[in-house]
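All values derive from a computational prediction rather than experimental measurement.
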Amino acid sequence: MKRVRKFHNLLYERYCDLEWWPAETPFEVILGAILTQNTNWKNVESALDNMRNLGLLEPKALLLAEMDVIKNAIRPSGYYNQKAFKIVRFMEWFDEIANCSIAALDTVDTTELRNALLSIKGIGPETADDILLYAFQRPVFVVDTYTYRIAVRHGWTPPDITYDALAEMLSSAVDNDINLMKNFHAMIVEVGKNYCKKRKPDCEYCPGKTALPENGPAELF
DNA sequence: CACCAGGCAAGTA
DNA sequence: TACTTGCATGGT
């Protein structure tokens with residue numbers, strides 16, 4: 001889709017290279033990906049700070065931690081009962097398949113790795129793709145709530161599109177390059193924060209703000 | 001007070 | 001299959 005390519009180019013003019021994801025280590029990326037499910041990133045940072053202070057950003061230490069300790073640490077990120085189990089289930093898989101070594105997964109095919117992640121209860125397509133892209137360095141396209149909202153609001157797709165179909169539609173419009181995939185998603189999150197969840201009746205474009213004020217909404221809609 | 005935030009799984013009909 | 005609901009804290 002030419003519109004998608006143009007959208008990407010406009011975003012790049014505005015944001016250039018954002019160098020995402022905000023984390024110290026690839027392992028921290030994984031935990032952040034789980035903790036940020038339907039959650040504001042500030043709350044996730046607070047949870048990660050707690051984990052850091054407890055030494056739980058080391059995989060083997062996290063494996064040994066009591067469930068109640070994990071729950072208490074991640075409490076600020078919300079859904080902490082569910083997320084604690086998600087983290088533990090991921091850790092059991094990670095320890096089993098790779099002895100908690102990301103490098104040990106380098107030989108695994110991306111599709112196979114994605115399916116393995118998706119088989120872990122609590123890890124859905126977006127979390128899996130966050131992990132694949134930002135922790136495992138695989139060139140996959142991440143569809144998040146902003147991506148979906150932008151695509152629908154711009155009229156690129158009807159709202160009932162599936163995750164995989166939207167990922168395919170958007171990723172096929174640009175080069176399949178890992179750094180581009182990382183930056184495209186990063187830029188979408190940045191601009192996506194300007195799109196309100198619901199259209200407001202008094203707004204010409206969608207919410208209360210236009211997507212890229214510098215370029216003007218006409219470029220995008 | 002209402003609404004939202006970088007989802008996901010389980011329940012219902 | 002196609003909706004709906006629970007999960008939960010913290011900010012606006």
Side-chain angles (χ1 to χ4, degrees), chain A residues 7-8 11 15 18-24 26 28-51 67-91 93 114-136 138 140-153 158-167 170-171 181-203 206-209 211:
Chain A
F7 179 69
H8 172 269
L11 288 176
Y15 294 111
L18 294 174
E19 297 182 19
W20 240 37
W21 164 298
E24 299 282 324
E28 191 178 327
V29 170
I30 295 168
L31 297 176
I34 293 171
L35 292 175
T36 197
Q37 290 174 1
N38 200 38
T39 300
N40 188 305
W41 182 257
K42 284 202 164 183
N43 290 15
V44 176
E45 278 190 323
S46 178
L48 287 172
D49 285 344
N50 292 339
M51 293 186 77
M67 182 63 80
D68 284 350
V69 173
I70 299 173
K71 284 185 180 179
N72 192 53
I74 69 173
R75 182 178 295 268
S77 75
Y79 309 122
Y80 59 89
N81 285 301
Q82 292 191 359
K83 285 174 179 175
F85 279 102
K86 296 182 186 190
I87 288 171
V88 167
R89 283 190 293 261
F90 171 84
M91 292 310 298
W93 170 82
R114 186 171 195 267
N115 287 335
L117 288 169
L118 290 175
S119 72
I120 301 168
K121 184 174 155 190
I123 296 186
E126 188 199 331
T127 308
D129 288 339
D130 280 335
I131 293 170
L132 286 167
L133 180 60
Y134 293 105
F136 296 164
R138 308 301 178 107
V140 297
F141 186 93
V142 177
V143 175
D144 62 7
T145 182
Y146 296 135
T147 314
Y148 172 80
R149 186 178 302 163
I150 289 167
V152 171
R153 199 159 292 168
D160 62 345
I161 193 168
T162 64
Y163 180 100
D164 288 336
L166 183 53
L170 297 180
S171 63
M181 290 294 174
K182 287 180 180 178
N183 205 48
F184 199 1
H185 178 230
M187 295 191 299
I188 284 172
V189 172
E190 283 307 305
V191 79
K193 292 173 182 173
N194 296 305
Y195 291 67
C196 296
K197 184 171 185 177
K198 296 180 179 175
R199 281 177 182 271
K200 294 174 181 171
D202 60 339
C203 174
C206 68
K209 304 170 183 174

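Here the separation of dA9(B) from dG10(C), taken at their P atoms, is 25 Å to the nearest Å. Comparing dA5(B) with dC3(C), their C1' atoms are spaced 23 Å from each other, to the whole Å.
Counting to the nearest Å, the C1' atom of dC4(B) and the OH atom of Tyr148(A) are 17 Å from each other. Here dC8(B) presents its P atom at 14 Å from CZ of Phe90(A), a figure rounded to the nearest Å. dC3(B) atom C1' lies 15 Å from atom CG of Asn43(A), rounded to whole Å. Look at CG on Leu118(A): it is 16 Å from P on dG7(B), rounded to the nearest Å. In this structure, Asn38(A) places its CG atom 5 Å from P of dG7(B), rounding to the nearest Å. Residue Tyr195(A) contributes atom OH, which lies 18 Å from atom C1' of dC4(B) at whole-angstrom precision. When the C1' atom of dC8(B) is taken as reference, atom CG of Asp144(A) falls 15 Å away, rounded to whole Å. Taking atom CG of Asn40(A) as the reference point, atom P of dG7(B) lies 10 Å away to the nearest angstrom.
Residue contacts shown for Glu126(A) are limited to sugar-phosphate atoms, with no base heavy atom under 4.0 Å away. Within the nucleic acid shown, Tyr80(A) comes within 4.0 Å of sugar-phosphate atoms alone, with no base atom in reach, counting heavy atoms only. Across all strands shown, Lys121(A) has heavy atoms under 4.0 Å from sugar-phosphate atoms exclusively, and none from any base. Residue contacts shown for Ile34(A) are absent, as no nucleic acid heavy atom lies under 4.0 Å away. Using a 4.0 Å heavy-atom criterion, one finds that Ser77(A) contacts no nucleic acid atom at all.
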Donor-acceptor contacts under 3.5 Å from residues 125-136 of chain A side chains, at least two apart:
residue   : atom : partner   : partner atom : Å
Thr127(A) : OG1  : Gln37(A)  : NE2          : 2.9
Asp129(A) : OD1  : Arg114(A) : NE           : 2.7
Asp129(A) : OD2  : Arg114(A) : NH2          : 3.1
Asp129(A) : OD2  : Tyr163(A) : OH           : 2.6
Tyr134(A) : OH   : Lys182(A) : O            : 2.8
Tyr134(A) : OH   : His185(A) : ND1          : 3.2

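Between Gly122(A) and Ala33(A), the residue anchored nearer the 5' end of DNA chain B, judged by the nucleotide with its closest heavy atom, is Ala33(A). Each of Lys42(A) and Lys83(A) was matched to the nucleotide of DNA chain C holding its nearest heavy atom; the match closer to the 5' end belongs to Lys83(A).
At a threshold of 4.5 Å between non-hydrogen side-chain atoms, the residues Trp93(A) and Leu117(A) count as touching. Met67(A) has its side chain within reach of Phe85(A): a pair of non-hydrogen atoms, C-beta onward, lies under 4.5 Å apart. With a 4.5 Å cut-off on side-chain heavy atoms, Tyr15(A) and Asn183(A) do not count as touching. Inter-residue side-chain proximity for Val142(A) and Thr147(A) is flagged as unmet; no heavy-atom pair is nearer than 4.5 Å.
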Exercise for review: Evaluate side-chain contact (heavy atoms from CB on, under 4.5 Å) for Trp41(A) paired with Val189(A), printing each intermediate quantity in order.
Suggested key: CA-CA 11 Å; Trp41(A) 182 257; Val189(A) 172; over 6 Å; no

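On the nucleic acid side, DNA chain C has its first and last nucleotide under 4.0 Å of a heavy atom of chain A at dC7(C) to dG10(C), going 5' to 3'.
Legend: residues meeting side-chain hydrogen bond (donor to acceptor under 3.5 Å, both in side chains) with Gln82(A), ordered by chain and number and at least two apart, are absent.
Phosphate contact (OP1/OP2 of dC8(B), side-chain N/O of Thr127(A), threshold under 4.0 Å): present.
Between Ile150(A) and Gly192(A) the shortest heavy-atom distance is CD1-CA, 4.0 Å.
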